[in-house]
2 protein chains.
Amino acid sequence: MSALQKLLSLIVPPDPALSARAQAHLDGLTKPPGSLGRLEELARRVVEITGNDPPRVRRPVIFTLAGDHGVVAEGVSAYPQVVTAQMLENFLRGGAAVNVLARHAGARVVIADFGVAAPLASHPALVVKKVAPGTQNFCRGPAMTRGQAVQAIEGGIALAEGEAAAGSDLIGLGEMGIGNTTAASAITAALTGAPVEAVTGRGTGIDEAAWERKVAIIRQALAVNRPDPADAMDVLAKVGGFEIAGLVGVVLAGAAARIPVVVDGFIAGAAALVAVKLKEEVRHFLLASHCSAERGHRVILEHLGLRPYLDLEMRLGEGTGAALAFVLIQAAVKIYTEMATFKSAGVSGKQP
Amino acid sequence: MSALQKLLSLIVPPDPALSARAQAHLDGLTKPPGSLGRLEELARRVVEITGNDPPRVRRPVIFTLAGDHGVVAEGVSAYPQVVTAQMLENFLRGGAAVNVLARHAGARVVIADFGVAAPLASHPALVVKKVAPGTQNFCRGPAMTRGQAVQAIEGGIALAEGEAAAGSDLIGLGEMGIGNTTAASAITAALTGAPVEAVTGRGTGIDEAAWERKVAIIRQALAVNRPDPADAMDVLAKVGGFEIAGLVGVVLAGAAARIPVVVDGFIAGAAALVAVKLKEEVRHFLLASHCSAERGHRVILEHLGLRPYLDLEMRLGEGTGAALAFVLIQAAVKIYTEMATFKSAGVSGKQP
């Protein structure tokens, strides 16, 4: 059994009794039962996923993985490829949106190069897991080999296992890669069967003509590569990206370690989708943060049966939606652990 | 001119140039323009409302005002009236949901008695603005006199002006009062013309039969009192509550001082509705936090043209939704002030 197969075998559904016990605790707090709605659901899910009752969030972490995409040669993005590397440097200096929002949530950001095309100066905070300097142009052949896909997944697993060993107890997914909404759309179409135009959006902001070209490119990629929808690894290798594969590894390691994994936007959603297709039970460990303005994201959320907690029309990626969701999760955990009970506060219950 | 009339005359719409300037700043940050969606909108609105560019949030405050309602004699609530006083004591001990979420947001909670029926032990943190020990049963006559409504509004104004003088720069509305969804439904029906059943919900959790009784009671209250929809003060006095009137004062003082006022759920929404009916320009200073599970809240939000930032199916009140929104507003302000610009970070812009 390979290391990856072994990890998959460790992912088992949580005990439903945990959720019921958590709800009983929430119902004893000084508020009408259920009146905190989905905030209660968040607390319950953290208990269920982690088995910790009371729940805690002490060391939240966001994995912002970067990679480049050969398909940008087809003109699918509004920004030049060099922006991937430039933004990585911006992440390392702490000036990007994900840095700001992670600081707001008290979360670490792990920044890793899984396949950036441009050379990067070494930096103490940069984790190098580079598989290759960008994927191949997948409208002419596979984006990567199956071996490279496994290598990137294992890179993500190693990253997440390292953080878990250091005490991380809440994981957020983030990414950067010019062209990666094109890969996410191709993955989503291949794995869900949804029409390409229903899962293809404007990315960083392309116009109508460029959108039509993007749809055509994705159709071509699927026609040329014929990814097998029953084989998620095949889909990932043929039309995915290195940073997406890295996130698949993060999701799998998180699920195996019973750490809640907060999905960010569309690209992180595509990684979560691949992970669930590799191992169905992964879905129990996922929390949706927000619903991206990228149309394909809604298709993924519905397919995974996830309901996002925020709908702010964001479409930036990086882990920004996950970081905002962290703040809600922390609020939910505090509700669970800091509120008085009807009994402790001497508050009367419902009238008979 | 009365003190209240004078305050109303101070409420003028903000300069739209502020919003345009704020968006120009946001567009220079290292992200595709508009890609942070409604988080950008939040930052822009704080700049527009306050005139502070860059925006700041240093001293957020939630006003949780309490009052009792004579209409509970009709059996409209699932909880006994004494819970209002018991919960006020819970607020003062810091054990309620609003305390937990306000601490999470780094916000103060100002707790005030505007008309609780049961006697309350004095407490250094309890502000006493009691108009009377509960309103009259408004299905038999007016809830309060017009003079009492003005007195409660002035109490709210004084509270908010005191906090503003101490440096508070973000206001949240909160409330506690067994029976107050009944008052909020009556106000909403009277001021928006919506049918009673469309604005009446389950409150703290009544069953179908009790809901039908609640609808009948509100219809009776409107028939007996005939509140004048063109006279918001008349509506407030006849079918409102002391804590709701207090919140009207908080809204008016916030708007006059150009402080963003974050509406909480249904009852706070009814107070905001009354304030807007007293002075149309108030709407420029309001931010909706969440959409309550109480059905009447959506009617109010649509009537005021406000779109909430959170939809978590909460229905607790107290200021809990406002506290959660504070965390998003603080995130938006940090995005505005802490992110690198394309220029400062040396990141390339869009392709030509």
Side-chain angles (χ1 to χ4, degrees), chain A residues 29-39 41-42 75 77-80 82-83 86-87 89-90 93-97 99-101 103-105 203-205 293 309-318 320 323-324 327-328 330-331 334-335 338-341 344-351, chain B residues 29-39 41-42 75 77-80 82-83 86-87 89-90 93-97 99-101 103-105 203-205 293 309-318 320 323-324 327-328 330-331 334-335 338-341 344-351:
Chain A
L29 304 176
T30 48
K31 55 171 187 53
S35 60
L36 283 175
R38 301 194 69 217
L39 210 56
E41 173 192 305
L42 270 175
S77 178
Y79 287 81
V82 68
V83 167
Q86 289 170 340
M87 282 302 296
E89 283 161 3
N90 194 19
R93 280 191 302 265
N99 303 105
V100 173
L101 296 180
R103 282 197 295 271
H104 185 53
T204 47
Y309 295 90
L310 292 160
D311 188 0
L312 296 172
E313 297 167 13
M314 288 163 57
R315 52 178 171 82
L316 177 56
E318 298 182 2
T320 49
L324 278 185
V327 183
L328 294 184
Q330 289 161 332
K334 288 177 184 174
I335 285 292
E338 296 181 15
M339 266 185 78
T341 62
S344 73
V347 174
S348 307
K350 277 197 180 188
Q351 309 197 80
Chain B
L29 303 177
T30 48
K31 56 172 187 54
S35 61
L36 283 176
R38 301 195 69 218
L39 211 55
E41 172 191 304
L42 270 176
S77 178
Y79 287 80
V82 68
V83 167
Q86 289 171 341
M87 283 301 296
E89 282 160 3
N90 195 19
R93 280 190 302 264
N99 303 106
V100 173
L101 297 180
R103 282 197 296 270
H104 185 53
T204 47
Y309 295 90
L310 293 159
D311 188 0
L312 297 172
E313 297 167 13
M314 288 162 57
R315 53 178 171 84
L316 177 56
E318 298 181 2
T320 50
L324 279 184
V327 184
L328 295 184
Q330 288 160 332
K334 288 177 183 173
I335 284 292
E338 296 181 17
M339 267 186 77
T341 61
S344 72
V347 174
S348 307
K350 277 197 179 189
Q351 309 197 80

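In what follows, chains carry the letters A, B, and so on, assigned in the order in which the sequence lines appear, proteins first and then strands, with residues in each chain numbered from 1.
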Q: Sort out for me which of Arg103(B), Arg315(B), Glu338(B), Glu41(B) touches chain A most, counting heavy-atom pairs under 4.5 Å.
A: Arg315(B)

Q. Top residue by heavy-atom pair count (under 4.5 Å) with chain B, among Thr341(A), Val83(A), Asp311(A)?
A. Val83(A)

Q: To the nearest 0.5 Å, tell me how far Asn99(B) CG sits from Met339(A) CE.
A: 9.0 Å

Q: Name the region of Val82(A), side chain, backbone, both or neither, that has any atom closer than 4.5 Å to a heavy atom of chain B.
A: side chain

Q. Checking heavy atoms, do the side chain of Gln330(B), its backbone, both or neither come under 4.5 Å from chain A?
A. both

(Q) I'd like to know if the side chain of His104(B) and the backbone of Val327(A) have a donor-acceptor N/O pair within less than 3.5 Å. (A) yes

Q: Could you tell me which non-hydrogen atom of Tyr79(B) sits nearest to which non-hydrogen atom of Pro33(A), and how far apart they are?
A: OH-CD, 3.5 Å

Q) How far does NZ of Lys350(B) sit from OG of Ser77(A), to the nearest 0.5 angstrom? A) 9.0 Å

Q.
Within the 4.5 Å heavy-atom criterion, are Leu42(B) and Leu312(A) side-chain neighbours or not?
A. no

Q. In terms of heavy-atom pairs under 4.5 Å, which option from Ala345(B), Gly75(B), Ala293(B), Pro80(B) contacts chain A the most?
A. Pro80(B)

(Q) If we define contacts as heavy-atom pairs under 4.5 Å, which of Gly37(B), Gly94(B), Gly205(B) has the most with chain A? (A) Gly37(B)

Q: Using a strict 4.0 Å threshold on nitrogen-to-oxygen distance, state whether Lys31(B) and Glu318(A) make a salt bridge.
A: no

Q. How far does CG of Leu36(B) sit from CG of Leu101(A), to the nearest 0.5 angstrom?
A. 7.0 Å

**Q.** Side-chain heavy atoms of Ile335(B) within contact of Thr320(A), under 4.5 Å
**A.** no

Q | Spacing of Leu316(B) atom CG and Thr30(A) atom OG1 [to the nearest 0.5 Å] | A | 8.5 Å

